[in-house]
Colleague: 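The structure is given below, and queries will be raised subsequently.
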Amino acid sequence: MRRFLFLPALLLLGVAIACGGGSSSPPPPTGTLALRLGSDSFPGYDQVVVSLEKVEASRDGSSWVPLGDVKATFDLMAIQNGQSALIIPATRLNTGTYTQFRLTWATVNYLDQSRQPSYVTPTGAATGQILTMPASTVATGAITISDSVTTSAQIMLNGQQAVQQRAGVQPFRFTATGQAYNLGAIATIAGNVSDASGPLAAVEVFAETVDGLGTATLQRRAFTNASGDYRLEALPKGGTYFVVAQPAGTSVSYHAAAGDPVDAAAATSYPMNLVFASPVSPGDLNLTISPASTDSQVTWGELRQALPTGTAGNQFLIVRSQTAASGIAQDQIGFLGLAPGLYGITAQRSTSGAAPAMKVGPSITINASATTNATLSYP
C-alpha cells in the first residue's frame, strides 16, 4: 500500500508539465539590417587596398553584437563616387538604436594572397607600398532597428584622414575615421563636370557646408569618372550644401567654381552640373606645417577662395584639400596645379579621431608657372 502514497505528487507533476510549468519569455523583437561600405576620395594615390575581416555593432560601446564575417578585400578608390559595396547582407538584429560599428581589419588579402592584406599605390608609382592598419576602426552614427522592418545603412570612410605618410621604414598608415548613415535619411548630389571640349575625368568634387560664422567644412568628396560624372552620397537631409571643384593637371588648371546652394530637404538625389571655362597655366604651393604630427595625430591642409554661389552672393569655400606628409620636424603638403589667384590657407589637425583643431594662415597669391612657399605653426 505504501506505493500509493506517491500518486498525488506524480499527478501534480503531470499537471504542471501539461500546463507548461516554468514559463519562458517570448523572444525579443527583431528587425533586419543590410550594411554597405563606401569611401570618400583622397588625392595622391591610384590604389588604397584594405582587407576587412568582420563587422560588429554596439548600442553602448561596450557590448558588441556580431553582424557577420566579411572576409573581403576592397580598393577604397573603387568604392567612392557612389560605388559602395555590400558587406553585410540582410541580417536579423534585435531592435534598438546602434551607435557604433566596429570594422576588424584582416591579415590576409582575400583577392590575392600573394599580396599584402593592405597596401597603397601612390599616384604614378610602379609598385604598391605596405599600408599599416590598426586592428580595428570604429564608425559612429545612430542606426535604429525597428520591429519587423528592413533598414539599409552605409559606413562612409572619411577622405580627409584616410592615409597619412610618415617618416620611417613603412611610411603609409591608415588613419581614416568613419560614420554610419541610415540610407533612408540621407541625400545625394550627382552631376557632371565638363569644359567646352567635353567631360573632365578625375576631378575631385566637394560637398561642403557653411556655418553661421562663414566657415566651410567638407562633408563628402569624390573623383569624377571617365565620363565626368560624380556622385556625392551620405549627405544628411536637412542641410544646405555647396558643390565645389577645381580641375587640375600638371600643365593646366581651371579657376575653381561652385554651384548654387543645394537645400537637401528630402532623402533624394539632387542634380548639379559644373561647367568650366578654358584652362590656364597653373602654379604650385608648398605648405609647411610645424611641428610635425605625432603618432596619434593626422593633419591636412585646405585652400579656400571666395566663389559666387548664386543669389546668395560669394561664399568662402574650400577648393582644395590634401592630407599632409609628416616628417621628423614638420608636415609638408604640395598643392599642384593651382589656377593663379588669391587663396586663403587653413590647416586641420585631429588627435586620435577627436574634432580637428583649425589653424588659419595668411592669404597668398599663386602665380602661373611659379612655386610659392607658405608656413603655418601650431602652438
Colleague: Quick one: does Thr151's side chain have a donor or acceptor within less than 3.5 Å of a partner on Ile145's backbone?
Modeller: no
Colleague: Can the positive tip of Arg349 be found less than 6.0 Å from the middle of the six-membered ring of Tyr378, inside 45° of the ring normal?
Modeller: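 Yes - Arg349 lies over the ring of Tyr378, closer than 6.0 Å to its centre and within 45° of its axis.
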Colleague: Does the side chain of Arg221 come under 3.5 Å of the side chain of Ser321 through a donor N or O and an acceptor N or O?
Modeller: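 On atom types as modelled, these side chains qualify, holding a pair under 3.5 Å.
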Colleague: Taking atom CG as the centre, does Leu342 end up with more than 12 heavy-atom neighbours from other residues, nucleotides or ligands that are less than 6.0 angstrom away?
Modeller: yes
Colleague: Which is it for Ser281 and Ser369 under the side chain to side chain donor-acceptor pair (under 3.5 Å) test, yes or no, and what are the steps along the way?
Modeller: CA-CA 7 Å; Ser281 296; Ser369 304; 4.9 Å; no
Colleague: If you group Ile, Leu, Val, Met, Phe, Trp and Tyr by side-chain heavy-atom gaps below 4.5 Å, do Trp105 and Val48 land in one group?
Modeller: yes
Colleague: So, applying side chain to side chain contact (heavy atoms under 4.5 Å, CB included) with Tyr230, which one of Val243, Asn225, Asn273 is it?
Modeller: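 So the option named by the test is Val243.
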Colleague: Any side-chain to backbone donor/acceptor pair from Gln80 onto Phe223? Under 3.5 Å, distance only.
Modeller: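 Confirmed, Gln80 side chain pairs with Phe223 backbone.
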Colleague: Could you give me the CA-CA distance, side-chain angles and deciding distance for Thr365 and Asn367, then say whether side chain to side chain donor-acceptor pair (under 3.5 Å) is met?
Modeller: CA-CA 6 Å; Thr365 299; Asn367 297 309; over 6 Å; no
Colleague: Just wondering, do Leu33 and Ile143 contact through their side chains at under 4.5 Å, heavy atoms?
Modeller: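 In short, these two side chains touch, coming nearer than 4.5 Å.
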Colleague: If hydrophobic clusters are built from ILVMFWY residues whose side chains come within less than 4.5 Å, do Tyr343 and Ile333 share one?
Modeller: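 In one cluster with Tyr343: Ile333, yes.
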Colleague: Distance-only, no hydrogens or angles: does the Asp284 side chain make a donor-acceptor pair with backbone N or O of Gly337 under 3.5 Å?
Modeller: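 Yes, because the side chain of Asp284 sits within donor-acceptor range (under 3.5 Å) of the backbone of Gly337.
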Colleague: Can you give me the closest heavy-atom contact between Ala190 and Arg231, atom names plus distance?
Modeller: CB-NH1, 4.2 Å
Colleague: Between the side chains of Gln164 and Arg166, is a donor N or O closer than 3.5 angstrom to an acceptor N or O?
Modeller: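 The criterion, which ignores hydrogens and geometry beyond distance, is satisfied for Arg166 and Gln164.
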Colleague: Show the numbers, then the answer: is there a side chain to side chain donor-acceptor pair (under 3.5 Å) between Asn94 and Thr30?
Modeller: CA-CA 4 Å; Asn94 288 347; Thr30 62; 5.9 Å; no
Colleague: Might you point out which heavy atoms bring Pro236 and Tyr181 nearest each other, and give the distance in Å?
Modeller: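 Shortest heavy-atom contact: CG-CE2, 3.9 Å.
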Colleague: Rounded to the nearest 0.5 Å, what's the gap from CG on Asn109 to OG1 on Thr73? Could you check?
Modeller: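 Atom-to-atom, Asn109:CG and Thr73:OG1 are 4.0 Å apart.
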Colleague: Please round to the nearest 0.5 Å and tell me the distance separating atom OG1 of Thr372 and atom CD1 of Ile366.
Modeller: 4.0 Å
Colleague: Given Tyr241, which partner from the list Arg220, Gln219, Glu208 fulfils the side chain to side chain contact (heavy atoms under 4.5 Å, CB included) test?
Modeller: Gln219
Colleague: Tell me yes or no: between the side chains of Asp229 and Ser227, is some donor less than 3.5 Å from an acceptor?
Modeller: no
Colleague: Evaluate Thr132 against Phe174 for side-chain contact (heavy atoms from CB on, under 4.5 Å), listing each step before the verdict.
Modeller: CA-CA 6 Å; Thr132 301; Phe174 184 82; over 6 Å; no
Colleague: To the closest 0.5 Å, what do you measure between CZ (Arg102) and CH2 (Trp64)?
Modeller: 5.0 Å
Colleague: Return yes if some donor-acceptor pair links the side-chain N/O of Ser51 with the main-chain N/O of Ser118 below 3.5 Å, else return no.
Modeller: no
Colleague: Is Thr32 reaching over with its side chain to a backbone N or O of Arg92, donor-acceptor style, under 3.5 angstrom?
Modeller: no
Colleague: Quick one: do Leu37 and Leu67 end up in the same hydrophobic cluster if we chain Ile, Leu, Val, Met, Phe, Trp and Tyr together by side-chain heavy atoms under 4.5 Å apart?
Modeller: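 Yes; Leu67 is reachable from Leu37 via cluster members.
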Colleague: Find out whether Tyr254 and Pro282 are in side-chain contact, i.e. whether some heavy atom of one side chain is under 4.5 Å from a heavy atom of the other.
Modeller: no
Colleague: Give a yes or no on whether the backbone of Lys71 and the side-chain of Asp69 come within a donor-acceptor separation of less than 3.5 Å.
Modeller: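 No, because the side chain of Asp69 does not come within donor-acceptor range (under 3.5 Å) of the backbone of Lys71.
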Colleague: Locate the shortest heavy-atom distance separating Leu376 from Pro362; write the atom from each residue and the value.
Modeller: CD2-CD, 4.3 Å
Colleague: Any donor-acceptor pair under 3.5 Å linking the side chain of Asp263 with the backbone of Ala265?
Modeller: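 Checking the backbone N and O of Ala265 against the side chain of Asp263, no donor-acceptor pair under 3.5 Å is found.
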Colleague: Quick check: closest heavy atoms across Ser84 and Gly38, and the distance to 0.1 Å?
Modeller: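 Heavy-atom minimum between the residues: CB-CA, 4.0 Å.
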Colleague: Take Val49 and Phe74 through the side-chain contact (heavy atoms from CB on, under 4.5 Å) test and state the conclusion after the steps.
Modeller: CA-CA 6 Å; Val49 175; Phe74 305 97; over 6 Å; no
Colleague: Any luck finding a side-chain donor-acceptor pair between Thr346 and Arg304 under 3.5 Å?
Modeller: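 Side chains of Thr346 and Arg304: pair found under 3.5 Å.
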Colleague: Any donor and acceptor pair, going by atom type alone, linking the side chain of Tyr110 with main-chain N or O of Ala106 inside 3.5 Å?
Modeller: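 No.
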Colleague: Can you find a side-chain donor-acceptor pair between Gln161 and Thr175 that sits under 3.5 Å?
Modeller: no
Colleague: Shortest non-hydrogen contact from Pro261 to Phe242?
Modeller: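 That would be CB-CE2, 3.6 Å.
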Colleague: Testing the 3.5 Å rule here: is there a donor-acceptor pair between the side chains of Glu204 and Ser41?
Modeller: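 Yes, side-chain donor-acceptor contact under 3.5 Å.
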Colleague: Just verifying a value: how many Å separate Ile186 CD1 and Met156 CE, rounded to the nearest 0.5 Å?
Modeller: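 Ile186 CD1 to Met156 CE: 8.5 Å, rounded to 0.5 Å.
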Colleague: Let me check something: do Ile79 and Ile87 share a hydrophobic cluster, defined by ILVMFWY side-chain heavy atoms less than 4.5 Å apart, either directly or through other members?
Modeller: yes
Colleague: Report the C-alpha distance between Ser293 and Thr299 in whole Å, list the side-chain angles of each, state the deciding distance to 0.1 Å, and finish with yes or no for side chain to side chain donor-acceptor pair (under 3.5 Å).
Modeller: CA-CA 7 Å; Ser293 301; Thr299 301; 2.6 Å; yes
Colleague: Please answer whether the main-chain N or O of Gly44 pairs with a side-chain N or O of Thr123 as donor and acceptor at a distance below 3.5 Å.
Modeller: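 Checking the backbone N and O of Gly44 against the side chain of Thr123, a donor-acceptor pair under 3.5 Å is found.
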Colleague: Do Gln47 and Val120 pass the side-chain contact (heavy atoms from CB on, under 4.5 Å) test, and can you show the C-alpha distance, the side-chain angles, and the key distance before you say yes or no?
Modeller: CA-CA 5 Å; Gln47 287 183 301; Val120 298; over 6 Å; no
Colleague: Would you check if Leu274 and Phe276 make a side-chain contact, meaning some heavy-atom pair closer than 4.5 Å?
Modeller: yes
Colleague: Should Leu235 and Ile189 be marked as a side-chain contact (heavy atoms from CB on, under 4.5 Å) after you check the CA-CA gap, both sets of side-chain angles, and the distance that decides it?
Modeller: CA-CA 8 Å; Leu235 296 167; Ile189 301 175; 3.7 Å; yes
Colleague: Using side-chain heavy atoms (C-beta onward) and a distance below 4.5 Å, is Leu338 in contact with Gln246?
Modeller: yes
Colleague: Return yes if some donor-acceptor pair links the side-chain N/O of Thr375 with the main-chain N/O of Thr288 below 3.5 Å, else return no.
Modeller: no
Colleague: Decide whether Ser58 and Asp60 meet the rule of one side-chain donor and one side-chain acceptor closer than 3.5 Å.
Modeller: yes
Colleague: Compare every heavy atom of Gln315 with every heavy atom of Val210, then report the nearest pair and how far apart it is.
Modeller: CG1-OE1, 3.7 Å
Colleague: Could you tell me if the side chain of Leu103 sits less than 4.5 Å from the side chain of Leu52, heavy atoms only?
Modeller: yes
Colleague: Rounded to the nearest 0.5 Å, what's the gap from CD on Gln154 to OG on Ser39? Could you check?
Modeller: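 Rounded to the nearest 0.5 Å, the CD-OG separation comes out at 10.0 Å.
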Colleague: Are Ile364 and Ile289 linked, directly or through intermediate hydrophobic residues, by side-chain heavy-atom contacts shorter than 4.5 Å (ILVMFWY only)?
Modeller: yes
Colleague: Check whether any side-chain heavy atom of Leu317 sits under 4.5 Å from a side-chain heavy atom of Phe206, and report yes or no.
Modeller: no
Colleague: How are the rings of Tyr98 and Phe101 set relative to one another: parallel (under 30°), tilted (30 to 60°) or perpendicular (over 60°)?
Modeller: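 Geometry flag for Phe101 against Tyr98: tilted rings.
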Colleague: Are Thr95 and Ser146 close enough that a side-chain donor and a side-chain acceptor fall under 3.5 Å?
Modeller: no
Colleague: With no hydrogens and no angle check, do the side chains of Ser290 and Ser377 hold a donor and an acceptor under 3.5 Å apart?
Modeller: yes
Colleague: Rounded to the nearest 0.5 Å, what's the gap from OH on Tyr119 to OG1 on Thr127? Could you check?
Modeller: 11.0 Å
